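Presented below is the structure to which this report refers.
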Amino acid sequence: MSKSPIHPVSSLDRQSELENSPAQLISLDRVSFGYSHKRLVLQDLDLEIKQGEFLTLLGPSGCGKSTILNLIAGFYKPLLGRVTHGGEDIKGPSARRGVVFQSNALFDWMTVEQNVGFGFRFQAVSKHERKKRVETIIALVGLRGNERKYPYQLSGGMRQRVAVARSMVVQPEILLMDEPFAAVDVQTREGLQEELLKLHEQVSGAILFVTHSIEEAVFLSDRIVILDRNLGGIAHDIKIHLPEPRYTAMNRVSDAFNQYRTDLYLKMKAIE
Amino acid sequence: MSKSPIHPVSSLDRQSELENSPAQLISLDRVSFGYSHKRLVLQDLDLEIKQGEFLTLLGPSGCGKSTILNLIAGFYKPLLGRVTHGGEDIKGPSARRGVVFQSNALFDWMTVEQNVGFGFRFQAVSKHERKKRVETIIALVGLRGNERKYPYQLSGGMRQRVAVARSMVVQPEILLMDEPFAAVDVQTREGLQEELLKLHEQVSGAILFVTHSIEEAVFLSDRIVILDRNLGGIAHDIKIHLPEPRYTAMNRVSDAFNQYRTDLYLKMKAIE
Amino acid sequence: SLAFAIGCAPTEKVTDAVETTTEAVTEVAAAPAADMPKVRVGFQTGDINNITMVAAKEGYFEKVGLDVELAPYSSGGAMVPALAAGEVDITWFFPFPSLTAFATGIDIEVVLLDHAPLTAERLIAGEAAPDVASLNGKTIGVTIGTSGHHSLLAAIDQAGISQNDVNLVNLNPSEMAAAFAAGKIDAAWTWEPAAGKLNELGGKDIATAKSIGAYAVALWAVRKEFAEANPEVMTKFMEAWDMAQQDYLADPKSGQKWEAERLNLTPEEFGAMVGRQGSTVVLMENQLTDEWLGAPGQPQSTNLYKAYEEYGAFLVDQGRLDSVPEDLAPLINSSYVADYLESK
Amino acid sequence: MQLKMSKSSDKMTAFEGQDLQTQALREKAMLFCVAIAIPSLILILWEMTTRMGWVDELFLPSLSGIVNEFFAMTRKGYAGTPLLSHVLGSLRRVFTAFTVGTLVGLLLGLLMGYYKYVRAAFYVVTELLRPIPPLAFITLFILWFGIGEVSKVLIILYAGALIVMLNTMAGVQSCPKDKILAAQTLGANDLAIFLYVILPAALPSIFTGMRVALSVDFGILVAAELLAGDLGIGYIIQDASTFFNVEGLFVGILMIGFFGVMSDFLLRIIASRVVHWQG
Amino acid sequence: MQLKMSKSSDKMTAFEGQDLQTQALREKAMLFCVAIAIPSLILILWEMTTRMGWVDELFLPSLSGIVNEFFAMTRKGYAGTPLLSHVLGSLRRVFTAFTVGTLVGLLLGLLMGYYKYVRAAFYVVTELLRPIPPLAFITLFILWFGIGEVSKVLIILYAGALIVMLNTMAGVQSCPKDKILAAQTLGANDLAIFLYVILPAALPSIFTGMRVALSVDFGILVAAELLAGDLGIGYIIQDASTFFNVEGLFVGILMIGFFGVMSDFLLRIIASRVVHWQG
Ligand SMILES: Nc1ncnc2c1ncn2[C@@H]1O[C@H](COP(=O)(O)OP(=O)(O)OP(=O)(O)O)[C@@H](O)[C@H]1O
Ligand SMILES: Nc1ncnc2c1ncn2[C@@H]1O[C@H](COP(=O)(O)OP(=O)(O)OP(=O)(O)O)[C@@H](O)[C@H]1O
Ligand SMILES: [Mg+2]
Ligand SMILES: [Mg+2]
């Protein structure tokens with residue numbers, strides 16, 4: 001991956017593009033939420049995600065990152081306020097919003113092909129078209145040759161690729177990823193990060209990413225939101241400018257990267 | 001922890017101290033090993049660990065880091081060559097060499113106190129003395145007040161502290177730690193790293209540490225050995241000079257740290 | 001017949017006999033009972049053990065100096081392994097299990113006859129079959145491989161029906177009533193208490209062991225090894241039995257209270273059941289006739305012996321026993337009764 | 001705090017009104033009601049069928065008849081023995097068999113789990129014994145062990161012991177390797193590892209085995225008391241069958257059900273006390 | 001490559017000689033030998049006890065006697081029926097009961113696992129039924145279902161069905177929440193989630209239940225064939241007991257053991273084929 005040719009496109013183009021885009025894909029509007037009556041987890045949260053944006057949530061454990069993700073996925077409803085997708089209230093889970101779980105949540109009884117093709121069962125897609133698209137996406141995540149394998153025959157990293165491919169295939173407008181790479185080892189994780197960036201480049205759609213790793217957040221994101229300990233308040237909202245394409249090894253050790261890293265590290269420390 | 005006063009002692013003192021120490025605690029002498037006849041994992045490996053040294057092994061997955069640790073622990077025997085501790089061949093597991101597992105391997109049916117005190121059952125230590133030493137070490141790892149709790153009542157980070165305390169109590173001459181903090185979240189991990197450094201300062205004894213995280217290795221180690229993909233050959237042997245005390249937050253974002261990090265990152269990339 | 005039907009008023013003579021023996025016993029009881037071995041006496045929980053209970057509960061065993069331990073068995077079949085294992089010394093059951101035990105090489109001998117239940121075993125049918133002849137094509141419940149099975153075949157044979165024209169269903173006595181109530185069988189050959197239940201459910205008796213001329217007797221068998229080692233115990237047992245028998249015959253109502261209680265029945269219910277059995281008690285002095293045990297050393301001429309021969313052929317024919325010993329004489333030993341009667 | 005009402009959909013956790021816990025509580029109450037209502041309904045229907053004459057009492061005794069029979073038994077006893085003696089007799093048998101069977105199964109299971117040669121040695125025998133029902137052994141047990149309590153207890157014991165053995169073995173084998181290694185690096189010898197590490201690690205599995213064994217032991221009671229019995233709930237069931245006392249039969253069956261459930265409940269409580277560390 | 005020999009200690013994985021795999025293979029072979037040797041030894045000892053006259057044949061028939069009896073049965077049949085008919089009769093009963101019981105248990109278990117109200121509704125009844133032995137039901141089943149195959153199959157069926165039900169329920173409940181959520185975000189409706197997610201996730205547990213149920217079904221065979229029996233291995237066991245044919249009894253017992261082990265083996269193979277994804 002580090003061998004892919006580097007096109008030193010300034011990321012400022014990308015940032016200004018996002019800046020000028022009027023389209024708010026997801027919007028949380030004064031959202032309050034709690035799992036029980038005893039304690040609120042989020043209070044009056046405002047958050048917007050633009051079309052095509054790669055947004056990462058950082059914050060101390062238990063601050064409500066997963067909760068925000070669950071609300072957008074439609075697994076829970078806000079107590080107060082609105083969570084909208086393209087202006088419409090989110091009523092429940094939908095194929096328009098893909099989710100990748102830390103545990104990958106693959107169907108162990110289906111082959112890679114069947115897992116990836118699962119979403120098509122519920123769409124009016126011709127068999128031929130379906131086959132073609134499954135093939136394409138499997139190639140895209142670098143799993144060609146593993147179509148007939150079962151999850152137990154794959155490594156942790158490969159399993160996460162299948163999970164990503166499975167969500168991509170139904171072309172969701174946003175992909176919600178809750179610490180998707182936390183359970184794989186460091187080397188594999190870096191590979192997966194680069195794959196994800198490439199995929200994001202090729203497939204339109206926003207990504208909401210949750211992680212605990214500052215390095216991962218800096219490397220991946222267009223924008224990082226740091227949440228407060230205090231009822232999911234937003235402490236910082238930072239745009240990341242790194243040279244395009246993102247997925248080069250140099251972007252992990254460049255001065256700009258180290259600067260973001262140091263800055264975010266100190267900001268996080270301040271919250272704790 | 002970031003509030004602890006910073007004593008800017010040059011770490012060169014510590015390095016030269018280690019340099020001048022003649023005492024080789026553990027020594028691997030032309031060691032070859034394989035789990036089956038089909039394939040060797042280590043070939044002709046030479047490695048020495050000095051008394052009091054904090055040595056970290058880095059290297060690609062499957063290169064043999066855990067294998068080296070298992071050989072020193074006495075879980076396996078080398079096929080060829082010698083593994084010695086204080087000049088004597090290692091014949092099997094012993095209380096002179098503590099081990100902390102990634103999974104923490106706590107005894108779920110014992111309280112924190114009982115877990116920590118377990119090693120005393122096999123030593124001629126008076127009940128009073130035992131109690132006192134268990135108390136001291138529990139305080140040292142910051143678990144006072146949790147003596148009567150069971151592992152399931154503790155967080156992941158607290159469990160790892162118990163595991164460390166349990167190994168420390170029998171005063172091993174070396175502590176072998178195989179990715180001990182890989183399964184806890186980032187914030188907790190940083191706390192544990194700082195605790196470990198403090199403990200290492202107070203308790204004599206060497207530490208052999210295995211990790212995949214370059215940041216962790218740089219932050220913790222006196223010396224880092226990077227293993228090759230090729231039969232556990234040593235690719236690099238690097239001394240780390242960072243200001244003492246190590247356990248300050250600044251040591252994670254200082255220029256020196258970033259330099260080590262970049263250097264090691266590129267060295268690791270070159271191996272893969 | 002010299003036997004007394006239960007329920008008949010006992011003669012003065014018998015009452016006298018009871019009194020005299022009771023007196024005799026008191027003297028014997030003075031003899032040290034300590035050197036007498038413990039005797040394990042078997043009884044059947046699913047059947048009626050009137051005289052046995054009288055002997056045990058009224059203290060006749062103690063009076064003669066026997067140290068008796070009663071051992072409950074669910075059926076006569078369960079006695080066989082117990083005899084083989086030496087778990088029980090003396091026990092009562094019916095001819096089939098005794099023949100099974102003898103044929104499989106367990107050393108036992110029949111030493112005493114208890115009673116002859118002449119109508120306990122009977123064929124009971126619903127309205128569809130007023131007599132045996134009308135059983136043609138019907139379903140009949142029977143416990144395959146028992147004396148009931150043997151008798152049923154004899155009954156339908158006598159009525160001129162071929163075995164192939166009836167449908168025999170193998171049922172345990174405990175299952176008969178349920179099957180009859182559910183209308184799954186038209187008739188059943190069985191014995192008390194199941195037979196009584198069938199009557200209660202509206203079944204009519206259409207044949208009995210007596211009506212078809214079958215031999216029916218409850219008999220006492222002893223492990224030969226035990227008997228030969230303890231002849232005095234055998235004699236004492238006969239003595240106690242004699243006394244209990246007379247006591248029971250003197251006042252059957254009172255003698256039945258033990259069993260009525262054990263079987264959870266009112267005295268009236270139990271009395272009716274015993275009445276249906278139509279049992280005749282085989283009196284001590286009649287044991288040595290050819291109708292019962294016969295004289296010592298001459299069992300071949302007895303009705304019991306002839307019945308055994310017939311049963312043996314039947315069981316071999318049914319494939320339940322590989323063979324039956326040519327000589328069944330060692331199975332019957334009336335010498336202990338004879339010894340007792342002599343000493344009396 | 002005033003909350004807007006959000007339309008509830010059955011797929012989502014809906015929050016209605018101010019008290020979020022109310023709904024959870026209400027659901028629990030509802031579930032409890034259903035759990036009580038259905039059995040009650042069955043009982044009522046049962047009583048109705050006979051009261052209304054829908055079904056002949058011969059086929060299904062009335063509920064009240066069964067209850068009456070039960071009280072009659074408590075007063076008069078059954079077959080000349082007080083009901084309590086029957087119950088205690090059966091319970092004593094089950095618990096003796098359960099205790100001894102558990103000990104035997106535990107010992108064998110520990111050895112089989114720890115030493116693979118012991119495991120290999122017993123494998124074929126235990127596999128072959130497992131499907132053989134106790135009922136088949138009655139004659140042999142009379143022959144070998146007589147008709148006393150020994151036989152009855154052994155009949156109940158062996159099936160339960162096999163189950164405890166298999167579960168103990170699985171428990172020992174499931175003990176994480178790293179816990180054993182950890183104990184070794186702390187200086188523990190083989191015996192200490194066995195006592196302080198392997199045995200506790202196997203306990204959850206052992207208790208699972210014990211619960212299954214206890215339920216099986218109750219199931220075998222009737223067969224065991226077929227063996228020369230004159231006492232016990234199993235005896236009542238058989239005797240009631242013999243005398244076609246369907247009401248008595250039901251009393252016996254329901255008593256076995258009751259004591260089975262009760263003792264399982266007790267064992268569950270004990271298990272959760274002993275294996276408290278699973279949280 | 002020449003290797004130095006290192007002194008082996010039993011605590012360590014010792015490497016001796018050049019071929020490291022030899023030892024693992026040798027150990028496997030040894031274990032297999034032990035697994036075969038012990039049962040063989042038992043058989044030889046068994047034959048000896050009677051040959052040498054240590055034990056009366058009445059108590060323990062000789063092995064050769066049992067084998068002879070078996071061959072005699074294959075030739076002459078038992079009680080006028082060919083042995084094959086007995087065996088097929090029993091197997092047919094067990095497999096009918098097993099199939100129907102599994103289907104019933106599966107259906108109930110799926111519903112109970114999925115809908116908590118269904119679970120609540122059945123809870124008390126199933127808990128109470130569980131410890132009640134089939135033997136206790138014989139009289140009632142004759143009353144309700146007659147004396148034919150239906151009763152026999154039902155006696156075998158109900159205990160097995162309960163076990164499959166409980167395991168299916170547990171399997172459904174153990175389906176990871178995130179797999180269900182993942183299916184929802186891919187557009188799956190309730191039916192699809194049930195078919196493609198919950199059911200497959202429950203399969204391993206269902207097969208475990210089926211294996212236990214099958215072994216229980218074999219165990220109940222003797223009790224079931226106590227009911228109006230005239231055919232079957234269970235019938236042979238009882239009839240041989242009644243006529244104190246200890247050799248015949250052993251043939252029956254060993255046949256149940258054999259078919260029990262065989263069918264479990266078969267089911268295990270099927271299970272590993274169906275639930276292939278567990279690796
Ligand atoms: N299902 C639930 N029921 C009740 N409380 C919950 C539930 N899930 C989360 N919480 C609580 O809500 C708060 C926010 O949890 P959330 O999982 O959103 O945090 P997070 O930022 O994702 O934390 P982490 O980094 O540890 O994953 C926490 O206090 C947590 O304990
Ligand atoms: N118990 C074992 N039996 C057989 N092979 C093993 C065993 N443990 C490890 N190996 C193999 O030995 C090699 C070295 O493994 P080792 O666990 O030492 O690597 P590692 O550097 O610790 O890797 P990781 O970073 O993934 O933990 C690998 O190829 C591995 O597959
Ligand atoms: Mg989270
Ligand atoms: Mg490793």
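Computed from a prediction, not measured in an experiment: that's the story for all the values here. Throughout, a chain's letter reflects where its sequence line sits, starting with A, and its residues are numbered from 1.
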Counting a contact as any heavy-atom pair under 4.5 Å apart, which residues of residues 198-209 of chain D contact chain B?
D:Pro200, D:Ala201
Does any backbone or side-chain atom of B:Arg97 lie under 4.5 Å from a heavy atom of chain D? Answer side chain, backbone, both or neither.
backbone
Which atoms of B:Leu106 approach chain D - backbone, side chain, both or neither, heavy atom under 4.5 Å
backbone
More than 12 foreign heavy atoms under 6.0 Å from CZ of D:Phe259: is that the case here?
yes
Could you tell me whether the side chain of [Y] reaches within less than 4.5 Å of the side chain of [X], counting heavy atoms only?
{"X": "D:Tyr196", "Y": "B:Phe118", "value": "yes"}
{"X": "B:Trp109", "Y": "D:Val197", "value": "yes"}
{"X": "B:Asp108", "Y": "D:Lys179", "value": "yes"}

Rounded to the nearest 0.5 Å, what's the gap from CG on D:Asp178 to CD on B:Gln102? Could you check?
10.0 Å
Give every donor-acceptor pair under 3.5 Å between a side-chain atom in residues 111-122 of chain D and any protein atom, sequence neighbours left out.
from: D:Lys116; atom 1: NZ; to: E:Glu27; atom 2: OE1; distance (Å): 3.0
from: D:Arg119; atom 1: NH1; to: D:Met112; atom 2: O; distance (Å): 2.7
from: D:Arg119; atom 1: NH1; to: D:Gly113; atom 2: O; distance (Å): 3.2

Could you have a look at B:Ala73, B:Ala95, B:Pro151 and say which one has the most heavy-atom pairs with chain D under 4.5 angstrom?
B:Ala95
Could you list which of residues 163-170 of chain B have a heavy atom closer than 4.5 Å to any heavy atom of chain D, in residue-number order?
B:Arg166, B:Ser167, B:Val170
Pairs where residues 55-75 of chain B contributes a residue and the test side chain to side chain donor-acceptor pair (under 3.5 Å) is met, not counting sequence neighbours:
B:Tyr35-B:Thr67, B:Thr56-B:Ser221, B:Ser66-B:Asp178
When every non-hydrogen atom of D:Leu186 is compared with those of B:Phe122, the smallest separation belongs to O-CD1, 3.5 Å
Exercise: identify the closest heavy-atom pair between B:Tyr152 and D:His276
CE2-O, 3.6 Å
